[in-house]
There are 2 protein chains.
Amino acid sequence: MTLKPKKLRVAHAYELFSAELEAQILDGTLRPGDQLPGEIDLAESFGVNRSTIREGIRLLESEGLVRRPSPRKLVVSLPRAKDLTSRHTRALRMLDVSFLELWHVALAIEPLSAELAARFAGPEALAALDDTQERLERATEAGQSQVAIDTEFHDKVATAGNNRALQLAREPIGFLLYSGMEVLAPRLPGAADRQIVAHRAIIAAIRAQDPDTARTWMRRHIEDFKRGFELAGLPLDAPISACRTTGEA
Amino acid sequence: MTLKPKKLRVAHAYELFSAELEAQILDGTLRPGDQLPGEIDLAESFGVNRSTIREGIRLLESEGLVRRPSPRKLVVSLPRAKDLTSRHTRALRMLDVSFLELWHVALAIEPLSAELAARFAGPEALAALDDTQERLERATEAGQSQVAIDTEFHDKVATAGNNRALQLAREPIGFLLYSGMEVLAPRLPGAADRQIVAHRAIIAAIRAQDPDTARTWMRRHIEDFKRGFELAGLPLDAPISACRTTGEA
DNA sequence: TATTGTCTGTTTGTCGGACACTAAGTCGAT
DNA sequence: ATCGACTTAGTGTCCGACAAACAGACAATA
């Protein structure tokens with residue numbers, strides 16, 4: 001008979017502790033907002049040393065399942081979008097994902113984002129978009145970098161659509177893809193203006209609650225981005241991180 | 001003047017350590033595969049206690065930046081897709097994301113996945129798809145649950161497209177969405193057969209390197225899924241996790 | 001009375017040291 | 001050279017300790 005190699009991991013105490021706590025959070029025994037006992041109490045009730053508890057807490061903390069609002073309080077919490085997406089972004093960068101890979105996904109997802117925004121955006125979301133747009137135009141006039149504001153615009157559009165699955169999925173892709181503006185803008189003078197026109201049209205369509213127009217403009221906007229990259233002679237297949245010389249905050 | 005509230009976090013030693021190591025990994029000073037010194041050496045070279053180093057290692061480990069291939073070795077590594085997506089999945093579930101939210105994203109992304117598969121799939125990917133399909137049909141005949149295999153099929157299609165950004169973005173959505181089959185199948189007897197037909201057509205289009213057909217079939221397949229949900233009288237707006245009564249492995 | 005300063009017990013972050021267990025390398029025997 | 005027992009080193013866990021910071025109570029001041 002063939003013996004299938006089963007890699008068995010020894011369960012360490014700190015992993016058991018964090019797994020147990022995670023299970024209790026997932027099945028609802030512990031709810032977001034609940035406060036956990038102090039480390040000494042935890043150590044006692046789980047029958048392990050405080051150091052062990054601490055290592056377990058580090059895991060849960062890193063997964064966003066618990067958080068310290070103040071140094072003395074340890075509460076159960078929902079993972080924050082930013083924690084998830086920043087990890088995701090880092091992974092994509094480390095994997096040397098290419099412009100084209102990101103662009104393909106963006107072309108599929110950003111038009112949906114605009115469409116949903118046109119269907120579901122409330123007044124606050126619209127105001128946020130206006131604000132972003134105004135800052136984008138001012139920054140462009142002043143010759144400042146638009147990358148951060150551009151990224152923010154697309155994030156805000158996604159937020160306006162009220163679809164959290166979409167927001168989580170697109171954030172890292174948008175962040176990395178639009179960071180390509182950093183290298184594109186100096187090489188293609190017209191790009192910034194085209195960007196402003198597109199954003200204006202998208203906001204107008206969202207305000208008019210016109211999903212089709214919003215979707216179409218967003219699609220063109222994304223297609224245009226690739227065209228700009230090609231015109232500027234930038235490589236579509238190269239890792240996106242290779243295009244960037246400056247780090248972000 | 002208004003005083004903008006700036007929340008200042010005290011930097012803890014274990015965070016500083018993990019941040020420092022992370023920075024060295026990101027800027028290439030440490031490369032995936034590199035082996036790190038032992039905890040005692042690390043503690044010495046960073047001028048902190050071993051316990052502090054351990055807590056920092058827990059963070060990095062949890063983020064997938066370092067790994068222990070054997071209990072004695074600590075190596076720098078690329079974050080694994082599974083770590084990222086499982087977190088993502090858990091977050092979506094905890095957020096009580098609705099069927100409709102997931103479905104919207106799937107409708108945008110799965111056709112792209114099929115299209116890319118038709119353009120870039122190699123022979124191994126096709127073989128993997130065939131294998132999955134065979135197991136799906138056998139499981140259906142035997143009356144077993146198709147959920148896991150259905151999810152696997154869509155994953156394999158995405159894998160075949162060779163786009164890692166796409167794979168990372170869609171995995172959690174697919175996992176949660178297709179888990180809806182669990183409740184759908186018993187209520188809609190024809191669903192399983194329609195699924196098999198669609199999967200067959202998608203595989204055929206991928207094999208024929210016909211992106212348009214692949215995309216169209218996938219689109220229909222996803223649209224069909226929602227129709228099934230409606231026919232079965234299942235709520236589209238309810239949290240997806242509420243539909244599931246059984247836990248998965 | 002409301003604000004500010006002081007005090008006190010508690011908890012975290014960090015430290016140093018300790019030990020069992022085991023993976024890895026060393027060395028000798030066949 | 002291959003196999004085995006032996007030695008070594010490193011992780012996982014525990015213990016005990018302490019400074020710093022916090023939360024809350026309390027007193028002082030306007």
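In the text below, chain A, chain B and the rest are named by the order of the sequence lines, each starting its count at 1. Given the structure is predicted, the values throughout are model-derived calculations rather than measurements. Values reported hereafter were calculated over all heavy atoms of this structure, with side chains retained and with hydrogens, waters and symmetry mates removed.
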### Query
Under the side chain to side chain donor-acceptor pair (under 3.5 Å) test, which residues partner B:N163, sequence neighbours left out?
none
### Query
In chain order, what residues pass the side chain to side chain donor-acceptor pair (under 3.5 Å) check against B:E55, with sequence neighbours excluded?
A:R54, A:R58
### Message
Tell me which residues in residues 12-20 of chain A lie within less than 4.0 Å of DNA chain D, going by non-hydrogen atoms.
### Response
A:H12, A:A13, A:Y14
### Task
Report the residues that fulfil salt bridge (Lys or Arg N to Asp or Glu O under 4.0 Å) with B:E20, sequence neighbours left out, ordered by chain and then residue number.
none
## Note on the structure
Value for CG (B:L60) from OG (B:S62), rounded to nearest 0.5 Å, stands at 9.0 Å
#### Entry: Covered region of DNA chain D, 5' end to 3' end, by chain B [heavy atoms, under 4.0 Å]
D:dA9 to D:dT13
#### Entry: Spacing between B:F46 atom CZ and C:dT14 atom C1', to the nearest angstrom
17 Å
### Query
In residues 32-42 of chain B, which residues come under 4.0 Å of DNA chain C by heavy atom?
none
### Message
If you count every heavy atom of other residues, nucleotides or ligands that lies below 6.0 Å from B:Q24 atom CD, does the total exceed 12?
### Response
yes
### Message
Can you list, in residue-number order, the parts of residues 50-58 of chain A that come under 4.0 Å of DNA chain C, counting heavy atoms only?
### Response
A:R50, A:R54, A:R58
### Message
Quick test of your reading: applying side-chain hydrogen bond (donor to acceptor under 3.5 Å, both in side chains), list the pairs with at least one residue in residues 68-82 of chain A, sequence neighbours left out, ordered by first then second residue.
### Response
A:E39-A:R68, A:R67-A:S77
### Task
Could you pull out all residues at least two apart from A:E171 that satisfy side chain to side chain donor-acceptor pair (under 3.5 Å)?
none
### Task
Round to the nearest Å and state the distance from B:E44 atom CD to C:dG16 atom C1'.
14 Å
### Message
Rounded at 0.5 Å granularity, tell me how far CG in B:D83 sits from CG in B:L78.
### Response
11.5 Å
### Message
Counting distance alone, no hydrogens or angles: does the base of C:dT22 have a donor or acceptor under 3.5 Å from a partner atom on the side chain of B:R72?
### Response
yes
### Task
Tell me, please, which residues at least two apart from A:Q167 pass side chain to side chain donor-acceptor pair (under 3.5 Å).
none
Side-chain donor-acceptor contacts of residues 29-36 of chain B below 3.5 Å, not counting sequence neighbours, with atom names and distances?
| residue | atom | partner | partner atom | Å |
| --- | --- | --- | --- | --- |
| B:T29 | OG1 | B:D27 | OD1 | 2.5 |
| B:D34 | OD2 | B:R31 | N | 2.9 |

### Message
Categorize B:V10 for me: base, sugar-phosphate, or nothing, with a 4.0 angstrom heavy-atom threshold over every strand shown.
### Response
nothing
#### Entry: A:K156 versus A:T132, closest heavy-atom pair with distance
CD-OG1, 3.9 Å
### Message
If you compare every side-chain N and O of B:N49 against the phosphate oxygens of C:dT14 (OP1, OP2), does one of them come in below 4.0 Å?
### Response
no
### Query
Which class fits the ring pair B:H199 and B:F153: parallel under 30°, tilted 30 to 60°, perpendicular over 60°?
parallel
### Query
Quick one: salt bridge (Lys or Arg N to Asp or Glu O under 4.0 Å) partners of B:D96, sequence neighbours excluded?
none
